[in-house]
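Worksheet for the structure shown next.
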Amino acid sequence: YPTRMEFEISSRCNLACTMCNGFLSSTYRKQIEHEEPYPDVYEDSFAEQLEEFIPHLKFTKFSGGEPFLIDLYFKIWERMAVLNPDCGIHVQTNGLILNNKVKQALENGRFYIGVSLDGATKENYEKIRLYGKFERALENLAYFQQYCESRGTLLNIPFTPVIDTRY
């Protein structure tokens, strides 16, 4: 059985970042490319199909789109909480989605959080991350940092190098 799995199963996203494309972001596809977003191809039964593998996993990674907008990920995390609560769950998020559903999932799992900011100032951040709110990202970043510290997991902040962030 594998001990590591990575998931990138939906392009559902709330942003249209300048360095992205419609394959990775439904918002980019709709707002920038003026095309209908790609449909999700996995059904809810996919979470059930993973039950045989989940007990053997040591680490998983979830990216998107925006993972905290992908309902199927929550179903997978629910199964992981029951079948393998010690498994590390890395989520690469834009950091803007933090509601009760997300908080509950975090409480039930061992999450490592990556928050993609791609801008150290409000001006750069909102120029690059279209539809993003810098203040909200920073507020949520503080929550994610506290969560990771309390769980003994890691928080990381990756940047995509682009002309606007070179300095």
Given a cutoff of under 4.5 Å between side-chain heavy atoms of I, L, V, M, F, W and Y, with clusters grown through shared members, what are the other residues clustered with M19?
-> I128, V162
Between L15 and G132 the two heavy atoms that sit nearest each other are CD2-N, 3.4 Å
Do the side chains of W77 and L72 join up, straight or via other hydrophobic residues, at under 4.5 Å, putting them in one cluster?
-> yes
Linked, directly or transitively: L154 and V115 (ILVMFWY side chains, under 4.5 Å) | no
Crowding at NZ, K101 (>12 non-hydrogen neighbours, <6.0 Å) = yes
Would you check if there is a donor-acceptor pair between the side chains of Q92 and S116 at a distance under 3.5 Å?
-> yes
Given the rule that I, L, V, M, F, W and Y join up when any side-chain heavy atoms are under 4.5 Å apart, are I163 and I32 in one cluster?
-> no
To the nearest 0.5 Å, atom CG of L117 lies from atom CG of N94 at 9.5 Å
Hey, does L57 have a side-chain heavy atom less than 4.5 Å from the side chain of R4?
-> no
If you measure from NZ on K127 to OG1 on T18, what distance do you get to the nearest 0.5 Å?
-> 8.5 Å
Under the side-chain contact (heavy atoms from CB on, under 4.5 Å) rule, what do F74 and V102 come out as? Steps first, then yes or no, please.
-> CA-CA 8 Å; F74 287 89; V102 171; 4.0 Å; yes
N/O donor to acceptor pairs below 3.5 angstrom from side-chain atoms of residues 42-55, sequence neighbours left out:
unit_1: E51; atom_1: OE2; unit_2: R79; atom_2: NE; d: 2.6
unit_1: E52; atom_1: OE2; unit_2: Y1; atom_2: OH; d: 2.7

Find out if a path of hydrophobic residues (ILVMFWY) with successive side-chain heavy-atom gaps under 4.5 Å connects F62 to Y38.
-> no
Is the backbone N or O of G22 less than 3.5 Å from a side-chain atom of S25, with the two atoms forming a donor-acceptor pair by type?
-> no
R110 meets the side chain to side chain donor-acceptor pair (under 3.5 Å) criterion, sequence neighbours left out, with Y112
Counting only N and O atoms by type, is there a donor-acceptor contact under 3.5 Å from the side chain of T153 to the main-chain atoms of F111?
-> yes
Any side-chain heavy atom of Y147 within less than 4.5 Å of one from E107?
-> yes
Taking the six-membered ring of F7 as reference, does the NZ or CZ atom of K61 fall below 6.0 Å from its centre and within a 45° cone about the axis?
-> no
Please check if I157 and I97 belong to a single hydrophobic cluster, counting links between Ile, Leu, Val, Met, Phe, Trp and Tyr side chain heavy atoms closer than 4.5 Å.
-> yes
Would a distance-only check, ignoring hydrogens and angles, find a side-chain to backbone donor-acceptor pair under 3.5 Å from N140 to G95?
-> yes
Would you say N99 has more than 12 foreign heavy atoms packed within less than 6.0 Å of its CG?
-> yes
When rounded to the nearest 0.5 Å, the distance separating OH of Y143 from CG of L155 is 13.0 Å
Above 12 or not: heavy atoms from other molecules or residues under 6.0 Å from CD of E123?
-> no
Residue list, side chain to side chain donor-acceptor pair (under 3.5 Å) with K30, at least two apart or on another chain = none
For atom NZ of K133, is the number of surrounding heavy atoms from other residues, nucleotides or ligands below 6.0 Å larger than 12?
-> no
Output the distance between atom CD (E139) and atom CZ (F144), rounded to the nearest 0.5 Å.
-> 12.0 Å
Test side-chain contact (heavy atoms from CB on, under 4.5 Å) on V82 and E78 and set out the steps.
-> CA-CA 7 Å; V82 171; E78 285 174 17; over 6 Å; no
Taking N108 for its side chain and A81 for its backbone only, find out whether a donor-acceptor pair lies under 3.5 Å.
-> no
By side chain to side chain donor-acceptor pair (under 3.5 Å) - contacts of E126 (at least two apart) | K122
What distance do I113 atom CD1 and L106 atom CG have between them, rounded to the nearest 0.5 Å?
-> 5.0 Å
Can you measure from CG (L130) to OH (Y28) and round to the nearest 0.5 angstrom?
-> 8.5 Å
Hey, does the side chain of R12 reach the backbone of L69 with a donor-acceptor pair shorter than 3.5 angstrom?
-> yes
With a 4.5 Å limit on heavy-atom distance, are the side chains of R29 and F23 in contact?
-> no
Is the F134 ring parallel, tilted or perpendicular to the Y125 ring (thresholds 30°, 60°)?
-> tilted
Is there a side-chain contact between D40 and I9 (heavy atoms, below 4.5 Å)?
-> no
Kindly indicate whether the side chain of L24, heavy atoms from C-beta on, has any atom under 4.5 Å from the side chain of E8.
-> yes
For T93, all residues meeting side chain to side chain donor-acceptor pair (under 3.5 Å), sequence neighbours excluded | E66
Kindly determine whether R129 and D118 satisfy side-chain contact (heavy atoms from CB on, under 4.5 Å), including the steps that lead there.
-> CA-CA 8 Å; R129 296 205 161 260; D118 294 308; 2.4 Å; yes
Could you pull out the closest heavy-atom pair between M80 and C87, with the gap in Å?
-> CE-SG, 3.5 Å
